Q: 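Below is a structure I'd like to ask you about.
Just so we're on the same page: letters track the sequence lines, and every chain starts at 1. Predicted model, so just to flag it, every value in this text is computed and none were measured. No hydrogens, no waters, no symmetry mates; every other heavy atom, side chains included, goes into these values.
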There are 2 protein chains.
Amino acid sequence: MQQEEPGRSSDWDRGVPTAVIARLPQLLRILDSAASRGVDTLSSDDLARRIDVSSAMVRKDLSILGFSGTRGVGYEVAALRLQIADVLGLSTDRPVAIVGMGHLGRALAAYPGFPAQGFRIAAAFDRDPAIIGSRVGAEGDLVVRHESGLERDVAAAEIRMAILTVPPAAAQRVADRLVAAGVVSLLNFAAVALQVPPGVQVRRTDIAAELQILAFHARQSTAIGDRATVMA
Amino acid sequence: MQQEEPGRSSDWDRGVPTAVIARLPQLLRILDSAASRGVDTLSSDDLARRIDVSSAMVRKDLSILGFSGTRGVGYEVAALRLQIADVLGLSTDRPVAIVGMGHLGRALAAYPGFPAQGFRIAAAFDRDPAIIGSRVGAEGDLVVRHESGLERDVAAAEIRMAILTVPPAAAQRVADRLVAAGVVSLLNFAAVALQVPPGVQVRRTDIAAELQILAFHARQSTAIGDRATVMA
DNA sequence: TAGTGTGAAAGCGTTCACAGCA
DNA sequence: TGCTGTGAACGCTTTCACACTA
């Protein structure tokens with residue numbers, strides 16, 4: 001399965017390990033910060049220390065993507081930044097829909113960092129008549145629309161990414177409709193595993209689950225009685 | 001490294017792989033839902049289908065924890081539910097602090113699902129005088145306190161878990177203070193890697209990074225032109 | 001000299017496949 | 001018969017170690 005597409009010029013298509021992709025946003029952030037401080041080269045070790053991985057891994061990641069540094073010096077901040085942004089598809093403005101304008105949905109709509117990262121909240125939906133028409137977003141310039149027009153609005157704006165902040169019971173139904181409307185990437189905050197057709201990617205962020213995982217650890221720590229666990 | 005503690009009666013101490021722990025909250029949720037529907041046994045396959053993993057993995061996870069089912073039948077919902085809740089330390093009420101009462105912090109404070117899962121938002125902090133004293137939380141019964149009293153309040157309430165929803169620049173400083181006050185588990189929403197002493201666990205939820213990872217995929221999909229990628 | 005680039009080795013987590021039991 | 005429990009195989013990720021070079 002998963003044959004290499006042979007004719008793709010300088011392209012990493014789908015052959016890039018997910019683990020590598022998942023580290024790129026962090027590298028990008030460090031490069032942004034370095035660039036704004038006027039730093040123009042960083043070694044793999046500099047990068048590694050700040051995202052808490054090994055320097056070998058940073059070098060391997062970058063080499064997998066075909067990005068190379070200078071021996072004895074490091075990587076060029078400006079060049080690398082553009083290359084990574086390009087891999088992540090952040091060069092163009094990406095319209096994103098948010099469905100479910102509860103507390104969390106409104107908080108995300110108001111997140112001021114999205115525009116700088118190439119994302120634009122292009123549509124916000126809910127099913128509660130009391131909310132429809134209200135203004136949300138960092139600038140208050142986004143009007144909540146009724147869910148019934150979801151397909152039309154999403155397709156019209158050519159939206160391919162969506163954030164789901166609806167109750168768990170509604171999540172699958174909404175996901176189906178978003179996919180039908182052309183969405184291929186879903187960020188799901190509802191605590192259910194979504195079924196989607198091949199070619200559609202879902203990432204879940206389950207805040208309650210994260211707390212529970214941490215609770216396991218907190219339980220261990222207190223059981224042992226706070227003695228510092230010696231581990232690298 | 002990491003020697004087995006021999007004398008611990010029926011105890012899984014720290015020998016449980018993180019990956020296993022991370023799946024338990026999902027299993028727990030399914031068991032809760034099954035229990036409320038009156039279902040009293042579920043097979044590993046039933047469980048697996050709903051959290052989108054293989055049945056072998058479910059069986060292995062449960063067997064690692066020492067939980068066993070009945071051959072030919074499955075697992076007892078009620079018993080398994082209690083066992084998992086116990087492993088995760090959800091039997092007792094866990095006080096949690098939230099630092100940073102911006103949009104996201106307030107949204108989390110208002111999340112109504114926490115009490116049912118054994119978590120209680122016991123304190124909310126911010127540094128902005130305009131917010132101090134305002135009421136937040138699902139019931140509006142939580143008063144935002146000034147960050148300056150963080151150490152005292154956290155220690156007094158014996159809080160060991162905290163949620164960080166502060167700006168990235170403030171995250172490390174706040175984390176240091178929380179740890180000093182006795183917090184051992186941190187859920188970090190700021191887009192920086194925190195440095196913490198051994199014995200303290202951090203889990204990061206980086207919403208912008210998730211979107212960027214999805215953007216990579218959206219970029220691939222559109223580049224290929226929406227033809228359904230045939231993959232299992 | 002300082003730091004990249006990369007095979008080879010190690011480590012984990014997941015899946016396979018099937019023996020064993022209600 | 002149906003489903004659990006689990007060693008063995010597999011594949012992905014990470015680390016090690018070192019040749020190489022600006």
Q: Does A:Y75 have a side-chain nitrogen or oxygen under 4.0 Å from the phosphate oxygens OP1 or OP2 of C:dA2?
A: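 Indeed not, no polar side-chain atom of A:Y75 lies that close.
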Q: Taking only residues two or more places apart in sequence or in another chain, which ones pass side chain to side chain contact (heavy atoms under 4.5 Å, CB included) with B:P168?
A: B:V192
Q: Not counting sequence neighbours, which residues clear side chain to side chain contact (heavy atoms under 4.5 Å, CB included) with B:R29? List them please.
A: A:A191, A:D206, A:A208, A:A209, B:Q117
Q: If you look only at pairs with a residue in residues 172-184 of chain B, which of them pass as a side-chain hydrogen bond (donor to acceptor under 3.5 Å, both in side chains), with sequence neighbours excluded?
A: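 Qualifying pairs: B:E147-B:R177, B:E151-B:R177, B:Q172-B:D176.
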Q: Mind grabbing the angle between the end helix axes of the helix from C:dT1-D:dA22 to C:dA22-D:dT1? Five pairs an end, 10° rounding.
A: 20°
Q: Can you confirm whether A:I207 sits close enough to B:F189 that some side-chain heavy atom of one is under 4.5 Å from a side-chain heavy atom of the other?
A: yes
Q: For nucleotides 15-18 of chain C, which of its nitrogen or oxygen atoms have a protein nitrogen or oxygen under 3.5 Å away, and what is each distance?
A:
residue: C:dT15; atom: OP2; partner: B:S54; partner atom: OG; Å: 3.0
residue: C:dT15; atom: O4; partner: B:K60; partner atom: NZ; Å: 3.2
residue: C:dA17; atom: N6; partner: B:R59; partner atom: NH2; Å: 3.4

Q: Return the set of residues passing side chain to side chain contact (heavy atoms under 4.5 Å, CB included) with B:D40 (not counting sequence neighbours), or none when no residue passes.
A: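 Per chain and number, B:D40 pairs via side chain to side chain contact (heavy atoms under 4.5 Å, CB included) with no residue.
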Q: Specify the separation, in whole Å, of atom CD1 of A:I64 and atom C1' of C:dT6.
A: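 Computing the A:I64:CD1 to C:dT6:C1' distance gives 11 Å.
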Q: Just to be sure I understand the geometry, which residues of residues 20-52 of chain B put a non-hydrogen atom under 4.0 Å away from DNA chain D?
A: B:S43, B:S44
Q: Expressed as a whole number of angstroms, how long is the span from A:D61:CG to D:dC12:P?
A: 16 Å
Q: Is B:S55 touching bases, backbone alone, or none of the nucleic acid, heavy atoms closer than 4.0 Å?
A: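 No contact at all - B:S55 keeps every heavy atom at 4.0 Å or more from the nucleic acid.
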Q: For residues 183-199 of chain B, pull every pair meeting salt bridge (Lys or Arg N to Asp or Glu O under 4.0 Å), keeping only residues two or more places apart or in separate chains.
A: none
Q: Write out all pairs satisfying side-chain hydrogen bond (donor to acceptor under 3.5 Å, both in side chains) with one or both partners inside residues 179-191 of chain A, taking only residues at least two apart or from two chains.
A: A:S185-B:H217
Q: Has the side chain of B:S43 got a donor or acceptor atom that lies under 3.5 Å from a matching backbone atom of B:Y75?
A: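 Looks like no, no N/O pair under 3.5 Å.
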Q: Taking only side-chain N and O atoms of A:S63, does any of them lie within less than 4.0 angstrom of OP1 or OP2 on C:dT6?
A: yes
Q: Whether B:D45 and B:R49 form a salt bridge (side-chain N of Lys/Arg under 4.0 Å from carboxylate O of Asp/Glu) is what I want to check.
A: yes
Q: Any pair with a residue in residues 52-77 of chain A that passes salt bridge (Lys or Arg N to Asp or Glu O under 4.0 Å), sequence neighbours left out, goes on the list, sorted by first then second residue, please.
A: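 For residues 52-77 of chain A, and leaving out neighbouring residues, the salt bridge (Lys or Arg N to Asp or Glu O under 4.0 Å) pairs sorted by first residue read A:R23-A:D61.
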Q: Any side-chain heavy atom of A:L24 sitting closer than 4.5 Å to one from B:F216?
A: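 No. Closest side-chain heavy atoms not under 4.5 Å.
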Q: Polar-atom pairs under 3.5 Å, protein N or O versus N or O of nucleotides 19-22 of chain D: list them with distances, or write none.
A:
residue: D:dC20; atom: O2; partner: A:R71; partner atom: NH1; Å: 3.0

Q: Roughly, in whole Å, what's the span from CG in A:L80 to C1' in C:dT4?
A: 13 Å
Q: Rounded to whole angstrom units, what separation is found between the CZ atom of A:F67 and the C1' atom of C:dT4?
A: 16 Å
Q: Please enumerate all residues that pass side chain to side chain contact (heavy atoms under 4.5 Å, CB included) together with A:A110, with sequence neighbours excluded.
A: B:H103
Q: Would you say the side chain of A:L104 lies within less than 4.5 Å of the side chain of B:L104, judging by non-hydrogen atoms?
A: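 Yes; the side chains approach each other to less than 4.5 Å.
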